[in-house]
Enquirer: 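The structure that follows is given in the form of structure tokens.
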Amino acid sequence: MSSHWHHFRVWRGDADGGELVDYPVEVNEGEVVLDIIHRLQQTEAQDLAVRWNCKAGKCGSCSAEINGRPRLMCMTRMSTFADDEVVTVTPLRTFPVIRDLVTDVGFNYVKAREVPSFEPPPGLAPGEYRMQQVDVERSQEFRKCIECYLCQNTCHVVRDHEENKPAFAGPRYLMRVAELEMHPLDVADRRSDVQDDLGLGYCNITKCCTEVCPEHIKITDNALIPMKERVVDRRFDPLVWLGDKIFRRTGS
Amino acid sequence: MTDVAKHMKSETVEQHEYDVVVIGAGGAGLRAAIEARLQGKRTAIISKSLFGKAHTVMAEGGCAAAMGNANPNDSWQVHYRDTMRGGKFLNNWRMAELHAKEAAERVWELETYGALFDRTKDGKISQRNFGGHTYPRLAHVGDRTGLEIIRTLQQKIVSLQQEDFRATGDYESYLRVFQECTITELFTTGSGPGAPEEQRRVAGCFGYFRDDGRFVRFDAPAIVLATGGVGKSYQVTSNSWEYTGDGHALALRAGATLINMEFLQFHPTGMVWPPSVKGILVTESVRGDGGVLRNSDGKRFMFDYIPDVFREQYATSEDEADRWYTDADNNRRPPELLPRDEVARAINSEVKAGRGSPHGGVFLDIASRKSPEEIQKRLPSMYHQFKELADVDITKEPMEVGPTCHYVMGGIEVDPDNGMSVVPGLFAAGECSGGMHGSNRLGGNSLSDLLVFGRRCGLGAAQYVDGLRARPAVAVDDVDAAVDRAMLPFSSATDGGENPFVVHLELQKTMHELVGIIRKADEMEMALKKLADIATRTRTVSVEGHREFNPGWHLALDLRNMLLVSLCVARAAVERQESRGGHTRDDFPAMDADWRHLLLVCSALGEDDVELVRREQVPMRADLFDLFELDELKKYYTGDELGEHRAGSSGQGNGA
Ligand SMILES: Cc1cc2nc3c(=O)[nH]c(=O)nc-3n(C[C@H](O)[C@H](O)[C@H](O)COP(=O)(O)OP(=O)(O)OC[C@H]3O[C@@H](n4cnc5c(N)ncnc54)[C@H](O)[C@@H]3O)c2cc1C
Ligand code: SF4
Ligand code: SF4
Ligand code: FES
């Protein structure tokens with residue numbers, strides 16, 4: 001089995017600051033970046049902090065920035081780098097660092113809670129749900145999401161813009177709204193939530209989120225743009241507007 | 001996170017009080033928590049990893065439930081029979097019965113939480129074939145069923161929190177998730193030396209937050225363990241770092257018992273190449289959807305390995321096996337779909353006989369059997385996994401696969417109906433509980449198990465709390481002792497203790513080589529000697545530095561759980577002198593009816609030793625027994641036991 005030495009640089013530190021630390025490290029055939037991080041833990045950096053679970057691109061725990069690119073460490077093969085290329089691993093930039101490669105991703109859990117949940121159709125008992133495969137497929141694409149938060153980390157609306165965080169849910173959770181909108185049996189209308197409370201208006205469809213998604217979900221084309229279209233339809237439809245007013249009055 | 005004591009050295013212990021504490025946020029834990037909250041209980045969910053990342057997320061193939069959508073002949077009785085056969089009749093039959101009866105309801109309920117399973121043509125939930133299941137039975141979403149289930153449960157929890165917010169102004173008033181928090185001790189009353197056993201009750205638990213190392217205790221009269229499995233004690237495994245047997249070990253130390261620990265499932269198809277991904281699972285759906293196993297001669301070798309007990313259900317020619325995929329009613333099943341233990345042993349034998357693949361596995365071929373489009377549609381994540389990790393295009397080339405340590409059938413002994421262990425207030429559900437799957441679990445029966453018994457445990461815990469007159473109090477001394485034990489690896493550093501990673505590797509090697517897929521008495525005796533040595537070393541492993549997200553420290557504490565669980569596995573494996581399901585003895589290669597009705601029960605002796613006793617199983621209820629034909633039962637039961645069967649007792653008038 002072939003192996004060689006590679007020059008690794010890993011960000012070490014905590015909320016108070018840190019620095020890139022150089023490590024020469026042995027790399028074997030077929031290994032991924034996460035293997036190398038584990039090798040460091042077992043040898044010279046026992047206390048190197050990193051998150052991971054499945055090591056197969058299924059859980060979305062091991063997100064980091066590798067040579068500046070947001071990626072899953074467990075799905076980044078060492079063979080994609082030249083032998084003499086320095087590999088630099090840094091934590092996700094959009095979230096506060098806890099330690100080394102581990103960041104506080106609490107932002108995402110807060111946003112998840114702001115998306116109104118699935119509303120089942122009244123009068124349909126468990127076991128009576130009927131949906132066609134073609135109709136569930138649109139939402140199924142979004143449900144492939146492994147919540148790695150790479151898209152959340154990449155979106156320029158919040159990357160380096162702390163001030164936008166309260167008003168913007170980020171691509172993952174805007175997509176969650178789209179998923180529920182397209183669910184064949186969900187009965188809620190989510191178009192005002194997504195525009196007013198979750199900040200869809202901030203998105204200017206740059207598609208950076210789609211580019212980094214390890215599940216290859218077409219976040220922008222299939223979720224965000226259609227949602228924008230639905231919101232526009234609704235806002236310009238005078239009947240809907242009137243209906244809303246009446247509903248609000250009786251409802252309050 | 002709060003900034004409480006980030007660098008704190010004096011040991012303040014954060015304190016919370018709940019009605020029910022659920023340890024584990026996989027399918028079992030989340031379903032238990034939902035139920036406890038629906039019963040009006042203030043409930044905490046604790047998990048080592050982030051919310052939504054538990055092992056359940058990795059499940060691929062599907063969730064078994066006799067909904068009869070794909071074949072109307074399916075029913076709970078057929079599912080029950082398959083489950084008992086798969087477990088070689090050592091299962092706790094009451095659990096298997098409840099599971100078969102309730103799985104469909106639990107799956108349908110997920111749709112009301114928003115789950116989107118793949119559909120049949122008439123819009124129902126689609127069901128796929130899997131090893132050991134008579135009919136297509138697994139509800140699924142491509143090959144990411146676990147993700148769908150965990151996300152659905154996670155989102156249901158969020159929706160309950162939103163309800164609570166509307167009612168109380170606080171999302172977390174009834175249901176709170178404590179993530180990246182590891183529980184290291186359970187507290188019971190009456191635990192001191194000489195305290196009477198009957199006073200023992202659950203009072204709470206203790207742990208640390210992984211991010212900043214601060215300590216925390218939860219005072220609660222009911223605790224549900226839903227901590228998953230033990231695979232990290234083995235070298236080649238499909239399991240993640242979380243699977244260190246914490247729940248098993250916590251239960252033992254709290255006075256509960258484990259059963260069936262000799263039964264480990266080695267999944268027949270793990271990746272074998274490259275080395276860094278060795279063990280990662282290749283879902284059984286590949287075979288369910290038509291994939292076949294071949295040796296280096298290109299031969300479909302499984303036809304040579306159909307055991308007598310399964311002769312009648314499995315095809316003897318390739319033609320018949322291939323016809324089964326389209327006409328299951330008139331053909332027998334392909335032997336690639338035998339229960340996992342049979343397939344794993346067969347692969348092992350082929351490799352040993354020199355007919356393996358270049359990297360020590362066999363070939364799993366779907367490329368020559370399905371179109372590239374179909375493969376990508378039905379098995380997208382397998383396609384992705386092989387492409388990215390092994391540089392293999394499974395639509396063009398066969399995969400190389402071999403056995404990997406996958407699932408532990410053994411676990412905490414519980415009451416089948418409410419999930420309570422022998423310690424009042426301590427419940428267990430999911431992979432960490434024992435009995436349901438007997439000596440071998442059928443694929444797809446775990447996800448359904450999580451839902452059925454998760455719910456039952458949540459309900460059981462709520463009812464138990466309702467029935468209490470007073471809440472058991474946590475003893476201050478117990479909390480101090482828990483802090484000391486957690487800090488031990490730091491103080492050991494001054495005494496020159498070992499690196500926990502080194503000790504862990506040694507433990508994995510020992511279990512892999514000496515208590516692995518094929519077992520021998522002398523090797524296991526050797527393993528026990530080594531484990532005794534590893535026990536001493538585990539007590540003194542040392543770590544450096546701080547408590548903030550320190551993986552060395554985390555492992556040092558997990559290691560004592562892995563050790564205790566490994567001891568149970570090795571002890572039970574030496575004791576059981578037969579081969580059955582996930583326990584294969586080279587020196588006792590046959591299944592022996594005299595062992596079927598015996599359970600091996602482990603309890604803890606102090607910090608790192610275990611005691612093992614034999615116990616008789618409760619005989620199967622007559623109406624369930626009669627669901628089987630006498631001829632089949634004869635293969636598993638002793639003559640005496642068969643007298644209870646309808647065929648045997650009818651001649652002698654009606655017995656009791
Ligand atoms: C790759 C793979 C594929 C599989 N595919 C299938 C399939 O297709 N069908 C099927 O039925 N089964 C399948 N299984 C098996 C099934 O996924 C597992 O048995 C099941 O998910 C276990 O669920 P659980 O709820 O018991 O535990 P888990 O989902 O593993 O959750 C355990 C939880 O406990 C927490 N925990 C553990 N210890 C502690 C502690 N000390 N303190 C605090 N928290 C703790 C963890 O953080 C985690 O949240 C598969 C397994 C694997 C590995
Ligand atoms: S498309 Fe929208 S959500 Fe995605 S990165 Fe661009 S601005 Fe952000
Ligand atoms: S949408 Fe893609 S990038 Fe975003 S969190 Fe989900 S899987 Fe990750
Ligand atoms: S470890 Fe699960 S995605 Fe990388």
Enquirer: So what's closer than 4.5 Å to chain A heavy atoms on B/Pro380: side chain, backbone, both or neither?
Expert: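 Nothing of B/Pro380, per the 4.5 Å heavy-atom cut-off to chain A.
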Enquirer: Looking only at heavy atoms, what is the nearest atom pair of B/Leu50 and A/Tyr109, with distance?
Expert: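 Closest pair (atom of B/Leu50, atom of A/Tyr109, distance): CB-OH, 3.5 Å.
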Enquirer: Identify the two heavy atoms, one from B/Val158 and one from A/Ala112, that lie closest to each other, and give their separation to 0.1 Å.
Expert: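 So the two residues come closest at CG1-O, 3.9 Å.
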Enquirer: Please classify the contact between B/Asn239 and chain A as side chain, backbone, both or neither, with a heavy-atom cut-off of under 4.5 Å.
Expert: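 B/Asn239 has no heavy atom closer than 4.5 Å to chain A.
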Enquirer: Can you name the residues of residues 140-147 of chain A that have some heavy atom under 4.5 Å away from a heavy atom in chain B?
Expert: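 So the qualifying residues are A/Gln140, A/Arg143, A/Lys144, A/Cys145, A/Ile146, A/Glu147.
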Enquirer: Under a 4.5 Å heavy-atom cut-off, does chain A meet the side chain of B/Ala104, its backbone, both or neither?
Expert: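 For B/Ala104, no heavy atom lies under 4.5 Å from chain A.
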Enquirer: In terms of heavy-atom pairs under 4.5 Å with chain B, which of A/Ala56, A/Pro120, A/Ser139, A/Ala49 leads?
Expert: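 Option with the top pair count is A/Ala49.
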Enquirer: Which atoms of A/Val50 come close to chain B, meaning under 4.5 Å heavy atom to heavy atom: side chain ones, backbone ones, both, or neither?
Expert: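 Contact with chain B is through the backbone of A/Val50 alone.
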Enquirer: Under 3.5 Å, is there a donor on one side chain and an acceptor on the other for A/Gln132 and B/Lys121?
Expert: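 No - no donor-acceptor pair under 3.5 Å links their side chains.
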Enquirer: Assess whether atom NZ of A/Lys218 is packed by more than 12 heavy atoms of other residues, nucleotides or ligands within 6.0 Å.
Expert: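 Open.
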Enquirer: With chain A as the partner, which of B/Gln154, B/Met58, B/Glu148 has the greatest number of non-hydrogen pairs under 4.5 Å?
Expert: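 Among B/Gln154, B/Met58, B/Glu148, the one with the most close pairs to chain A is B/Glu148.
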Enquirer: How long is the span from the NZ atom in A/Lys55 to the OG atom in B/Ser240, to the nearest 0.5 Å?
Expert: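 Reported value, rounded in 0.5 Å steps: 12.0 Å.
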Enquirer: What part of B/Glu388 gets closer than 4.5 Å to chain A, counting heavy atoms only: side chain, backbone, both or neither?
Expert: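 It is both, since atoms from each part get that close.
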Enquirer: Which atoms of B/Leu389 are under 4.5 Å from chain A, going by heavy atoms: the side chain, the backbone, both sets, or neither?
Expert: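 Contact with chain A involves both backbone and side-chain atoms of B/Leu389.
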Enquirer: Report which part of A/Val136 has an atom under 4.5 Å of a heavy atom belonging to chain B: side chain, backbone, both, or neither.
Expert: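 Both parts, backbone and side chain.
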Enquirer: Name the region of B/Glu60, side chain, backbone, both or neither, that has any atom closer than 4.5 Å to a heavy atom of chain A.
Expert: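 The answer is the side chain of B/Glu60.
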Enquirer: So which residue, B/Gly114, B/Gly52, B/Gly146, ends up with the most heavy-atom pairs under 4.5 Å with chain A?
Expert: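 When all of B/Gly114, B/Gly52, B/Gly146 are compared, B/Gly114 has the most.
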Enquirer: Heavy-atom distances under 4.5 Å only: say whether B/Leu116 touches chain A with side chain, backbone, both or neither.
Expert: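 For B/Leu116, the contact with chain A is made by backbone and side chain together.
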Enquirer: List the residues meeting ring pair (Phe, Tyr, Trp, His ring centres under 6.0 Å) with B/Tyr243, not counting sequence neighbours, and say none if there are none.
Expert: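 B/Tyr243: ring pair (Phe, Tyr, Trp, His ring centres under 6.0 Å) contacts with B/His55.
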Enquirer: Hey, which residues of residues 31-41 of chain A are touching chain B, say heavy atoms under 4.5 Å apart?
Expert: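 Expected list: A/Glu31, A/Val32, A/Asp35, A/Gln41.
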Enquirer: For B/Phe165, is it the side chain, the backbone, both or neither that has a heavy atom under 4.5 Å from a heavy atom of chain A?
Expert: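 For B/Phe165, no heavy atom lies under 4.5 Å from chain A.
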Enquirer: Does a salt bridge link B/Arg144 with A/Glu215, judged by any charged N lying under 4.0 Å from a carboxylate O?
Expert: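 No salt bridge links B/Arg144 with A/Glu215.
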Enquirer: If you look at every heavy atom in A/Gly30 and B/Ser276, which pair is closest and at what distance?
Expert: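 So the two residues come closest at O-OG, 3.2 Å.
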Enquirer: Atom CD in A/Glu114, atom OH in B/Tyr171: separation rounded to 0.5 Å?
Expert: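 A/Glu114 atom CD to B/Tyr171 atom OH measures 6.0 Å (nearest 0.5 Å).
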Enquirer: Indicate whether any N or O donor in one side chain lies under 3.5 Å from an N or O acceptor in the other, for A/Ser117 and B/Gln155.
Expert: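 A/Ser117 vs B/Gln155: no donor-acceptor pair found between side chains.
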Enquirer: Sort and list the pairs that fulfil side chain to side chain donor-acceptor pair (under 3.5 Å) and have at least one residue in residues 120-130 of chain A, not counting sequence neighbours.
Expert: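 Non-adjacent pairs meeting side chain to side chain donor-acceptor pair (under 3.5 Å): zero.
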Enquirer: Could you walk me through whether B/Asp391 and A/Arg77 pass the side chain to side chain contact (heavy atoms under 4.5 Å, CB included) test, one step at a time?
Expert: CA-CA 10 Å; B/Asp391 231 345; A/Arg77 282 164 66 97; 3.8 Å; yes
Enquirer: What part of B/Lys156 lies closer than 4.5 angstrom to a heavy atom of chain A: side chain, backbone, both or neither?
Expert: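 Contact with chain A is absent: no heavy atom of B/Lys156 under 4.5 Å.
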Enquirer: Validate the cation-pi geometry between B/Lys53 and A/Tyr149: distance from NZ or CZ to the six-membered ring centre under 6.0 Å, angle to the ring axis within 45°.
Expert: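 Output yes; distance and angle both within limits.
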Enquirer: Rounded to the nearest 0.5 Å, what's the gap from OG1 on B/Thr112 to CD on A/Glu119? Could you check?
Expert: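 It is 13.0 Å, given to the nearest 0.5 Å.
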Enquirer: For chain A, find which of B/Trp553, B/Phe549, B/Tyr113, B/Trp241 contributes the most heavy-atom pairs closer than 4.5 angstrom.
Expert: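 The option with the most such pairs is B/Trp241.
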Enquirer: Specify which of A/His183, A/Glu137, A/His216 makes the most heavy-atom pairs with chain B at under 4.5 Å.
Expert: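 Of the candidates given, the most pairs with chain B belong to A/His183.
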Enquirer: Out of curiosity, A/Leu48 CG to B/Asn550 CG, how far, rounded to the nearest 0.5 Å?
Expert: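 CG of B/Asn550 is found 10.0 Å from CG of A/Leu48.
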Enquirer: Give me the atom names and distance for the closest heavy-atom approach of B/Asn499 to A/Gln42.
Expert: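 Answer, listing the atom of B/Asn499 first, then A/Gln42: ND2-O, 3.9 Å.
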Enquirer: What are the two closest heavy atoms between B/Gln162 and A/Arg113, and how far apart are they?
Expert: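 That closest heavy-atom pairing would be NE2-O, 2.7 Å.
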Enquirer: Counting C-beta onward and ignoring hydrogens, is there a side-chain heavy-atom pair between A/Met131 and B/Lys124 closer than 4.5 Å?
Expert: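 Result no, sub-4.5 Å side-chain heavy-atom pair not found.
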Enquirer: Can you check whether B/Arg119's main-chain N or O pairs, donor with acceptor, with A/Gln133's side chain at less than 3.5 Å?
Expert: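 Pair found, side chain donor or acceptor close to backbone of B/Arg119.
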Enquirer: Measure distances from B/Thr152 to the heavy atoms of chain A and classify the residue's part below 4.5 Å as side chain, backbone, both or neither.
Expert: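 Looking at B/Thr152, backbone and side chain both touch chain A.
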Enquirer: Which atoms of A/Pro121 come close to chain B, meaning under 4.5 Å heavy atom to heavy atom: side chain ones, backbone ones, both, or neither?
Expert: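 For A/Pro121, neither part sits under 4.5 Å from chain B.
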Enquirer: What's the separation between atom CG in A/Asp47 and atom CD in B/Glu544, rounded to the nearest 0.5 Å?
Expert: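 Output value for this atom pair is 8.0 Å.
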Enquirer: If you measure from CZ on A/Arg99 to CD on B/Glu548, what distance do you get to the nearest 0.5 Å?
Expert: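 Going from the CZ atom of A/Arg99 to the CD atom of B/Glu548 covers 5.0 Å.
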Enquirer: Who among A/Pro184, A/Gly60, A/Ala125 has the most heavy-atom pairs with chain B under 4.5 Å?
Expert: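 Of the candidates given, the most pairs with chain B belong to A/Gly60.
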Enquirer: Surrounding OH of B/Tyr174 (heavy atoms of other residues, nucleotides or ligands, distance under 6.0 Å), is the total greater than 12?
Expert: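 12 or below, so no.
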Enquirer: Is atom NZ of A/Lys111 surrounded by more than 12 heavy atoms (other residues, nucleotides or ligands) closer than 6.0 Å?
Expert: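 Yes, because the 6.0 Å sphere around NZ of A/Lys111 holds more than 12 heavy atoms from other groups.
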Enquirer: In terms of heavy-atom pairs under 4.5 Å with chain A, which of B/Leu555, B/Val57, B/Leu147 leads?
Expert: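 Ranked by contacts with chain A, first place is B/Leu147.
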